[in-house]
*Asks:* 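Right, I'll just put the structure down here and ask away after.
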Amino acid sequence: MLNIVIFGAPGSGKGTQSENLIEKYNLAHISTGDVLRAEKAAGTELGKLADSYMSKGQLIPDELMIDILASVFDQKTKNGDCKGVIFDGFPRTIPQGTALSEMLKERGEKIAAVVSLDVAEEELIDRLISRGQKTGRTDDNYETIKARLDVYYNQTTPLKEMYEKEGILHAIEGIGTIDEIFGRIATVVDKVK
Ligand code: AMP
């Protein structure tokens, strides 16, 4: 299977580029943020718990997130009709990264590439504020954006070093048109597929 981690700060374009990847390579999409927002919208206990972290820009605890990820992965891949999976918004911590590799190994799978979208902080803030205005997404307000970026720099970026050591990190300039950025991503994916 072609398993890709799409990595980057909030607002770096992970969701947008995931859509392009799904279409071109026939992949399943696992966005942990989307999973949690769907739980919130459905009013489940998990959704309520998740919202208590999401609304503050904090991460949901690792153990919970890892369990959710494994069950969503099994559910999305059970029919065998996708060629691989895009992990969007997971992993976000070193323990999540280790758990993802283990979960895949147990299933005879591995990560083919980690595509890291690099975008400067000012641009990220502009994009997120504008997304909040367009979509009404409640964590896209200035205060929560700042908290999410802090979490990203402190808890998530150490994963880059981990994947760099494993030789699977591919840094992509995340500035330009959606098509230009996707062209850069596709060049990487075509080499590993
Ligand atoms: P996203 O849509 O990926 O930006 O995620 C929105 C929010 O959901 C994050 O700010 C976190 O509160 C939560 N979340 C999503 N994915 C994870 C994850 N892998 N680990 C912990 N929390 C997560």
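Read the numbers this way: they start at 1 and go in the same order the structure lists the ligands and their atoms. Model, not experiment: these values are computed from the prediction.
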*Asks:* Atoms of ligand 1 less than 4.0 Å from Arg37 heavy atoms?
*Replies:*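 Within the 4.0 Å cut-off of Arg37, ligand 1 contributes 2 (O), 6 (C).
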*Asks:* Salt bridge check, Arg37 against Asp34: does any charged N sit closer than 4.0 Å to a carboxylate O?
*Replies:* yes
*Asks:* Polar-atom distance check: Gly89 versus ligand 1, any N or O pair below 3.5 Å?
*Replies:*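 Yes; the residue has a nitrogen or oxygen that sits under 3.5 Å from a nitrogen or oxygen of the ligand.
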*Asks:* Backbone N or O of Thr187 within a donor-acceptor pair of the Lys191 side chain at under 3.5 Å?
*Replies:*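 No; zero donor-acceptor contacts below 3.5 Å.
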*Asks:* Less than 3.5 Å between some nitrogen or oxygen of Ile60 and one of ligand 1, yes or no?
*Replies:* yes
*Asks:* For ligand 1, which atoms, with element, lie under 4.0 Å from some heavy atom of Gln58?
*Replies:*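 Those of ligand 1 that fall under 4.0 Å from Gln58 are 11 (C), 12 (O).
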*Asks:* Okay, side chain of Glu123, backbone of Ala120: is any donor-acceptor separation there less than 3.5 Å?
*Replies:* no
*Asks:* Looking at Tyr142, I'd like to know if its OH atom is crowded, meaning that more than 12 non-hydrogen atoms belonging to other residues, nucleotides or ligands lie closer than 6.0 Å.
*Replies:* no
*Asks:* Show your working on side chain to side chain contact (heavy atoms under 4.5 Å, CB included) between Val192 and His170 and close with a plain yes or no.
*Replies:* CA-CA 11 Å; Val192 300; His170 301 268; 4.3 Å; yes
*Asks:* Given Arg92, Met54, Arg148, identify the one with the heavy atom nearest to atom 5 (O) of ligand 1.
*Replies:*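 Among Arg92, Met54, Arg148, the closest heavy atom to atom 5 (O) of ligand 1 comes from Arg92.
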*Asks:* Minimum distance, heavy atoms only, to atom 14 (N) of ligand 1: which one of Thr32, Leu36, Ile145, Leu59 is it?
*Replies:* Leu36
*Asks:* Go through ligand 1 atom by atom and flag the ones less than 4.0 Å from a non-hydrogen atom of Gln96.
*Replies:*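 Ligand 1 atoms under the 4.0 Å threshold to Gln96: 18 (C), 19 (N), 20 (N), 21 (C).
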*Asks:* Report yes if Arg137 has an N/O atom closer than 3.5 Å to an N/O atom of ligand 1; otherwise report no.
*Replies:*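 In this structure, Arg137 places an N or O atom under 3.5 Å from an N or O of ligand 1.
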*Asks:* Between Arg131 (side chain only) and Arg137 (backbone N and O only), is there a donor and an acceptor less than 3.5 Å apart?
*Replies:* no
*Asks:* Any donor-acceptor pair under 3.5 Å linking the side chain of Ser116 with the backbone of Ala171?
*Replies:*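 No; zero donor-acceptor contacts below 3.5 Å.
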*Asks:* Lys14: heavy atom below 4.0 Å from ligand 1, yes or no?
*Replies:*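 No; Lys14 lies far enough from ligand 1 that no heavy-atom distance drops under 4.0 Å.
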